[in-house]
Amino acid sequence: MHAAPSDSAVLPPRLPAGLPWVGQGLEYRKDPLGFFLRYADRGAVVRTRFVGTGIYLLNTSDAIEHVLVKNFRNYPKDAFQKRALESVVGQGLFTSHGDVWLRLRRMMQPAFHKNLLAAHGSVAVKAANTWLASRREGEAFDAYTEMMALTLDVVAGTLFGANLSAQARELGRAMEVVMLHAQFLFDTPIPLPAWLPTPGQRRFRTGLRALHAVVDDVVERRRKQGASGDDLLGLLLEAQAEDGEHLTDAQLRDECLTLMIAGHETTAAALALSLWLLARHPEAEATLRRELATVLGGREPTVADLPSLPYCEQVVKESLRLYPPAWGMSRVAEADDRMDGVHVPAGTVVAWSQWALHRDARYFPEPEAFRPERWADGLERRIPRFAWCPFGGGPRLCIGAGSALMVIRLVLATVLQRFHFDAAPGPAPEVLPAITLRPKGGIPLTPRNVSLRE
């Protein structure tokens with residue numbers, strides 16, 4: 001949508017003369033996604049201030065690669081992120097930095113080995129079939145709510161080897177409360193003390209206790225049964241560092257909670273929005289169903305089928321381009337640095353938005369259009385490394401990114417063989433740029449039997 005950004009850094013930024021830092025902060029809080037789009041054309045690096053803190057907005061793939069890859073050790077998560085995320089998931093892989101992060105990453109990486117992910121493909125297909133069994137032709141449903149329930153089944157199966165459907169509603173409410181609280185902490189420069197018994201604090205602590213109780217119960221039962229198992233919990237219980245040290249109980253809980261929340265919400269939003277995009281673009285949906293019919297012939301998909309379903313992958317990539325789960329990211333410079341010829345003082349926060357990057361017309365002509373075919377012929381290899389990065393990138397690429405992409409494709413391949421989905425006319429669903437990007441309201445869809453349409 002926006003024009004190609006200039007190659008030169010802009011210091012100071014081309015902001016309205018005399019605009020105070022408060023105005024910029026309010027501009028961001030009012031419309032975060034629009035804010036990044038409006039500043040995307042003002043240079044590779046644009047300087048501003050929020051709440052007295054220097055902020056550099058990064059608008060090119062090269063600048064982001066410098067932060068996430070070339071000098072990533074100098075750029076941990078900033079104080080706003082750490083405060084918000086640690087309140088929910090503690091000090092685990094997602095929030096740690098440096099040697100602590102590297103140690104945890106090495107301990108957890110075997111849990112995401114390709115062979116294990118392949119074994120979990122059947123869990124996703126089973127969850128999709130269970131969900132399909134409750135659908136009736138012509139009965140409308142909210143895609144986001146339903147995909148949240150479906151992906152909770154997937155996460156429970158792959159992470160815990162358990163069925164949490166009986167607790168799904170309670171878990172869903174608890175996760176909603178704690179994520180809203182985390183977002184509040186992220187958006188609030190000077191939050192109230194955590195010990196202050198406000199209604200919001202009480203709701204948050206109640207929700208967090210509910211999540212801890214579920215995780216602790218599952219872990220305790222697994223310990224009694226023995227730590228082995230082909231789910232992630234079994235591998236985490238067995239994981240150990242090079243010095244032979246295992247995860248502590250607190251670390252184990254934090255990592256399980258991180259994987260449960262992140263794998264649940266981001267995948268659900270991506271699935272719901274993918275179904276909506278296909279419903280609003282019947283030509284793309286028809287192309288995908290023809291591919292599924294040719295390759296699968298009505299049978300259940302497996303992980304082994306995914307390389308033979310290139311259009312399905314293109315649909316998912318295009319959906320994630322328009323609605324990236326990680327819609328924006330930020331880091332803080334620990335030491336002085338230089339980026340694109342620009343001095344970055346220690347303590348400076350650098351921030352960027354995938355929402356804006358994914359709408360760069362240089363790499364994505366008609367950037368607001370849903371065009372899965374743009375990903376044919378190796379587009380991802382031809383564009384800059386961070387022109388498309390829905391899960392972040394570099395050494396700290398989301399550890400569950402591969403699993404999420406697998407689950408989304410397998411669920412789509414399962415449900416679209418059974419149903420077509422009609423979407424109501426009107427504007428696109430409003431999205432909320434919270435900790436992750438998600439629909440703000442419902443996404444009503446109506447299922448129609450495929451056999452009745454052909």
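Positions are given from 1, in the same order as the sequence printed here. Atoms considered below: every heavy atom in the structure, side chains included; atoms not considered: hydrogens, waters and symmetry mates.
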Answer yes when Arg253 and Asp249 have at least one side-chain N-carboxylate O distance shorter than 4.0 Å, and no when they do not.
no

Between Ser353 (side chain only) and Trp327 (backbone N and O only), is there a donor and an acceptor less than 3.5 Å apart?
yes

Hey, does Trp352 have a side-chain heavy atom less than 4.5 Å from the side chain of Val67?
yes

Could you tell me the separation between the CG atom of Leu288 and the CD atom of Gln314, rounded to the nearest 0.5 Å?
10.0 Å

When rounded to the nearest 0.5 angstrom, what distance separates CG in Asp360 from CG in Leu37?
11.0 Å

Donor-acceptor contact below 3.5 Å, side chain Asp305 vs main chain Thr302
yes

Interatomic spacing from CD1 in Ile64 to CE in Met329 - rounded to 0.5 Å:
9.5 Å

Short N-O contact, Glu318 and Arg371, less than 4.0 angstrom
no

Heavy-atom nearest pair, Leu320 first then Ala270, reads CD2-CB, 3.9 Å

Begin with the C-alpha distance, continue with both residues' side-chain angles, and end with the deciding distance and a verdict on side chain to side chain contact (heavy atoms under 4.5 Å, CB included) for Val303 and Met406.
CA-CA 7 Å; Val303 173; Met406 176 193 73; 3.7 Å; yes

Between the main-chain N or O of Ala279 and the side-chain N or O of Glu285, is there a donor-acceptor pair closer than 3.5 Å?
no

Within the structure provided, determine whether Glu300 and Leu410 are in side-chain contact (heavy-atom separation under 4.5 Å).
no

Minimum heavy-atom distance Asp340-Ala44, with the two atoms named:
OD2-CB, 4.4 Å

Tell me, do Leu379 and Trp388 make a side-chain contact under 4.5 Å, heavy atoms counted?
no

Applying side chain to side chain contact (heavy atoms under 4.5 Å, CB included), run through Leu58 and Met339 and close with a yes or a no.
CA-CA 10 Å; Leu58 311 183; Met339 184 189 312; 3.6 Å; yes

Under the criterion side chain to side chain contact (heavy atoms under 4.5 Å, CB included), which of Leu277, Leu412, Leu278 is the partner of Ser319?
Leu277

Tell me if a side-chain donor or acceptor on Arg359 pairs with a main-chain N or O of Trp355 at a distance below 3.5 Å.
yes

Any non-hydrogen side-chain atom of Pro384 less than 4.5 Å from a side-chain atom of Asp62?
no

Close side-chain approach of Ile443 and Leu275, heavy atoms under 4.5 Å
no

State whether the side chain of Thr151 and the backbone N or O of Met148 hold a donor-acceptor pair below 3.5 Å, judged by distance alone.
yes

Do the side-chain N and O atoms of Glu313 and Trp375 include a donor-acceptor pair separated by under 3.5 angstrom?
no

Rounded distance (nearest 0.5 Å) linking atom OG1 of Thr414 with atom CG of Asn129
6.0 Å

Quick check on Lys126: does its NZ atom have over 12 non-hydrogen neighbours (other residues, nucleotides or ligands) under 6.0 Å away?
no

Does the plane of the ring in Phe141 sit parallel, tilted or perpendicular to the ring in Phe421? Use 30° and 60° as the thresholds.
perpendicular

Report yes or no: is the cationic atom of Arg321 (NZ for Lys, CZ for Arg) under 6.0 Å from the centre of the six-membered ring of Phe364, at an angle within 45° of the ring normal?
yes

Between Leu309 and Ala413, which heavy-atom pair has the shortest distance, and what is it?
CD1-CB, 4.5 Å

Val215 and Met260 have their tightest heavy-atom pair at CG2-CE, 4.2 Å

Could you walk me through whether Val45 and Asn59 pass side chain to side chain contact (heavy atoms under 4.5 Å, CB included), step by step?
CA-CA 6 Å; Val45 180; Asn59 294 317; over 6 Å; no

Output for pair (Arg299 CZ, Gln417 CD), nearest 0.5 Å, gives 8.5 Å

Evaluate whether atom CZ of Arg38 has more than 12 neighbouring non-hydrogen atoms of other residues, nucleotides or ligands under 6.0 angstrom away.
yes

Please assess Leu445 against Phe419 for the test side chain to side chain contact (heavy atoms under 4.5 Å, CB included), listing each intermediate value before the final yes or no.
CA-CA 11 Å; Leu445 296 177; Phe419 285 121; over 6 Å; no

Do Gln354 side-chain atoms and Ala326 backbone N/O form a donor-acceptor pair below 3.5 Å?
yes

Inter-residue atom distance Asp337.CG - Thr348.OG1, 0.5 Å rounding:
10.0 Å

Quick check: does any side chain N or O of Asp336 sit under 3.5 Å from a backbone N or O of His343, one acting as donor and the other as acceptor?
no

Met147 to Ala272 - nearest heavy-atom pair and separation
CG-N, 3.8 Å

I want to check something: taking the side chain as every heavy atom from C-beta on, are Pro301 and Val125 in contact at a cut-off of under 4.5 Å?
yes

Ring-plane angle category for Phe370 and His281, please: parallel below 30°, perpendicular beyond 60°, tilted otherwise.
tilted

Closest heavy-atom pair and its distance - Ala333, Val344
CB-CG1, 4.1 Å

Answer yes when Arg135 and Glu139 have at least one side-chain N-carboxylate O distance shorter than 4.0 Å, and no when they do not.
no

